[in-house]
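All remarks here apply to the structure that follows.
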There are 2 protein chains.
Amino acid sequence: MYDQLKLENQLCFRLYTASRLVTQAYRPYFEPLGITYPQYLVLLILWEQDNLPVSDITSRLMLDTNTVTPLLQRMEREGLITRTRGTVDSRQRIVSLTPRGLAMQEQAKDIPSCISRKWDGKAPSVEEIFAMAKTLDSMIETLKQ
Amino acid sequence: MYDQLKLENQLCFRLYTASRLVTQAYRPYFEPLGITYPQYLVLLILWEQDNLPVSDITSRLMLDTNTVTPLLQRMEREGLITRTRGTVDSRQRIVSLTPRGLAMQEQAKDIPSCISRKWDGKAPSVEEIFAMAKTLDSMIETLKQ
DNA sequence: TAACTTTGCATCGTGAACGATATAAATCAA
DNA sequence: TTGATTTATATCGTTCACGATGCAAAGTTA
């Protein structure tokens with residue numbers, strides 16, 4: 001039995017599981033809004049800056065168009081965004097919030113604090129989480145190459 | 001603009017992205033073996049202990065049967081495992097490694113070290129990764145409830 | 001032992017991820 | 001300006017995740 005092949009020694013499994021469980025924690029808050037977790041990420045981007053080409057969204061999410069295009073098509077179908085053809089470069093699709101997509105920001109603004117309250121008084125501490133965020137950032141930076 | 005709704009302030013997005021990128025780092029090593037990342041996790045479990053009911057696998061992976069059953073069916077189709085009916089409790093399906101699935105352990109035993117070499121000399125350090133693993137564990141423990 | 005509940009697993013539908021491939025517009029080179 | 005290449009996005013097929021539902025075996029209760 002190779003120790004390095006034990007499930008509990010795998011960092012990847014911890015990341016995979018923590019990511020899934022955190023997403024699950026968000027789910028009850030997304031359900032009344034009728035959105036999913038990746039759709040929420042797209043909305044976060046558009047709430048920061050509207051009218052972006054698909055390429056800006058793919059690069060910020062570090063996903064490819066084969067994931068993002070169908071995602072945006074579903075969001076368009078749900079009336080959250082529009083996808084208009086670029087005027088300067090007509091290959092581009094400019095993604096814009098609909099009034100409904102914009103208004104959803106108000107309904108979503110308390111979700112992060114609801115989530116962080118989940119581990120009020122429980123482990124891990126805010127300090128640990130902050131340190132982990134830094135480590136994740138450098139890990140992402142290294143792996144992005 | 002609500003600060004708490006900025007993409008870069010989202011822990012969830014870091015976890016989600018790091019998890020995806022780490023899985024991507026494994027992919028080249030899985031490809032010659034013809035397996036996927038979740039299939040690798042199942043193999044890790046079976047290499048530790050063979051002949052397990054589906055429920056043991058779901059609980060260790062913290063996944064439900066609606067994810068694991070199709071996964072096991074594909075692995076059976078690929079000749080990595082067998083799924084026999086339990087003798088004591090005939091509702092159970094006992095998952096066992098085939099010779100091929102067992103032999104794959106030898107081919108996989110160097111994958112973890114290949115992955116960890118990815119950030120030799122780069123950030124994050126081994127200490128940071130170790131600290132993060134601890135934080136992830138407590139986060140998983142808290143969210144599991 | 002008959003009716004009820006629980007347990008273990010399977011099936012179905014939907015929405016991601018992602019490799020591979022396609023297409024049209026833009027850009028570059030000859 | 002024509003032909004070649006690159007860029008921006010889309011499509012397709014496969015595998016995961018996961019909510020909802022189904023079903024038969026096991027356990028429980030009356």
Side-chain angles (χ1 to χ4, degrees), chain A residues 12-13 15-28 30-42 52-59 61-78 80-81 83-95, chain B residues 12-13 15-28 30-42 52-59 61-78 80-81 83-95:
Chain A
C12 58
F13 178 62
L15 282 171
Y16 161 80
T17 302
S19 173
R20 279 196 314 108
L21 294 183
V22 170
T23 303
Q24 281 174 24
Y26 276 86
R27 219 177 303 264
F30 292 151
E31 209 205 334
L33 304 183
I35 59 174
T36 65
Y37 179 71
Q39 293 176 12
Y40 172 70
L41 296 180
V42 172
L52 293 176
V54 173
S55 56
D56 280 31
I57 297 176
T58 60
S59 67
L61 294 180
M62 291 177 254
L63 287 165
D64 214 335
T65 60
N66 55 1
T67 298
V68 171
T69 293
L71 181 58
L72 294 175
Q73 287 169 341
R74 285 185 288 269
M75 292 178 75
E76 185 173 43
R77 178 157 54 77
E78 296 297 323
L80 296 170
I81 59 163
R83 302 183 311 134
T84 56
R85 226 163 254 299
T87 48
V88 188
D89 185 336
S90 80
R91 290 170 304 180
Q92 288 187 334
R93 287 283 209 156
I94 307 300
V95 181
Chain B
C12 58
F13 177 61
L15 282 170
Y16 161 80
T17 303
S19 174
R20 277 196 315 106
L21 294 183
V22 170
T23 303
Q24 282 175 24
Y26 276 85
R27 219 178 304 266
F30 292 152
E31 209 204 333
L33 303 183
I35 59 174
T36 64
Y37 179 71
Q39 292 176 11
Y40 172 70
L41 296 179
V42 171
L52 293 176
V54 173
S55 56
D56 280 30
I57 296 175
T58 60
S59 67
L61 295 180
M62 291 178 253
L63 288 166
D64 214 337
T65 60
N66 54 1
T67 299
V68 172
T69 293
L71 180 58
L72 295 175
Q73 287 170 341
R74 285 185 288 268
M75 292 178 74
E76 186 174 41
R77 177 158 53 79
E78 297 297 323
L80 297 169
I81 59 163
R83 302 183 312 134
T84 57
R85 223 162 256 299
T87 48
V88 188
D89 184 336
S90 79
R91 290 170 304 181
Q92 288 187 335
R93 287 281 209 157
I94 306 300
V95 181

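- Regarding contacts with the backbone of D:dC18, a side-chain N or O of A:Arg27 is found under 4.0 angstrom from either OP1 or OP2.
- A:Thr36 has a side-chain polar atom (N or O) that falls below the 4.0 Å cut-off from OP1 or OP2 of C:dA16.
- Listed nucleotides C:dG8, D:dT15, D:dA8 differ in distance to A:Asp89; the shortest reach to its side chain belongs to D:dA8.
- A:Ser90 comes within 4.0 angstrom of sugar-phosphate atoms only, judged by non-hydrogen atoms across all strands, and of no base.
- With rounding to whole Å, B:Leu71 atom CG is found 14 Å from D:dC18 atom C1'.
- As a whole-Å value, the separation of B:Asp64 CG from C:dC9 C1' is 10 Å.
- Tested against B:Thr58, the residues B:Thr65, B:Thr69, B:Leu72 include a single side chain to side chain contact (heavy atoms under 4.5 Å, CB included) partner, B:Thr65.
- Between A:Arg74 atom CZ and D:dT11 atom P the separation is 12 Å, expressed in whole Å.
- Across all strands, A:Ser55 comes closer than 4.0 Å only to sugar-phosphate atoms, never to a base (heavy-atom distances).
- Here B:Arg85 does not reach the OP1 or OP2 of C:dG8: none of its side-chain N or O atoms lies under 4.0 Å away.
- The residue B:Arg83 sits close only to the backbone: its heavy atoms come under 4.0 Å of sugar-phosphate atoms, none of a base.
- For D:dT9, the base has no donor-acceptor partner in the side chain of A:Arg91 [N/O atoms by modelled type, under 3.5 angstrom].
- B:Ser90 places no side-chain N or O within donor-acceptor distance of the main-chain N or O of B:Thr87, the cut-off being under 3.5 Å.
- Close to C:dG19, at under 4.0 Å from its OP1 or OP2, lies no side-chain N or O of B:Gln24.
- A:Asp89 places a side-chain N or O within donor-acceptor distance of the main-chain N or O of A:Arg91, the cut-off being under 3.5 Å.
- One cannot find a donor-acceptor pair under 3.5 Å joining the base of D:dT9 and the side-chain atoms of A:Arg93.
- Not a single donor-acceptor pair under 3.5 Å links the side chain of A:Arg74 to the backbone N or O of A:Gln39.
- Side-chain atoms of A:Tyr16 do not come within 3.5 Å of backbone N or O of B:Tyr37 as any donor-acceptor pair.
- Remark: A:Tyr37 is not in phosphate contact with C:dG15, judged by side-chain N or O atoms under 4.0 Å from OP1 or OP2.
- Summarising the geometry, the separation between CD1 on B:Ile35 and C1' on D:dC16 is reported as 15 Å, rounded to the nearest angstrom.
- Distance B:Leu63 CG to D:dC16 C1': 9 Å, rounded to the nearest Å.
- Projected onto DNA chain D by closest heavy-atom contact, A:Pro53 and B:Arg77 fall at different nucleotides, the more 5' of which corresponds to A:Pro53.
- B:Asn66 contributes a side-chain N or O that forms a donor-acceptor pair with the base of D:dG19 under 3.5 Å.
- Atom pair B:Tyr16:OH and D:dC16:C1' shows a separation of 13 Å (rounding to whole Å applied).
- Looking only at distances, a side-chain donor or acceptor of B:Arg93 sits under 3.5 Å from a matching main-chain atom of B:Arg83.
- Remark on DNA chain C: of its neighbouring residues A:Glu78 and B:Val54, the 5'-side contact belongs to B:Val54, judged by nearest-heavy-atom nucleotide.
- When distances are taken from the side chain of B:Gln39 to each of D:dA8, D:dT15, C:dT11, the shortest belongs to D:dT15.
- Atoms CD1 (A:Ile57) and C1' (D:dA10) sit 15 Å apart, rounded to a whole Å.
- Distances shorter than 4.0 Å separate some side-chain N or O of A:Thr69 from OP1 or OP2 on D:dA10.
- One can place CG of A:Leu72 at 16 Å from P of D:dA8, the figure rounded to the nearest angstrom.
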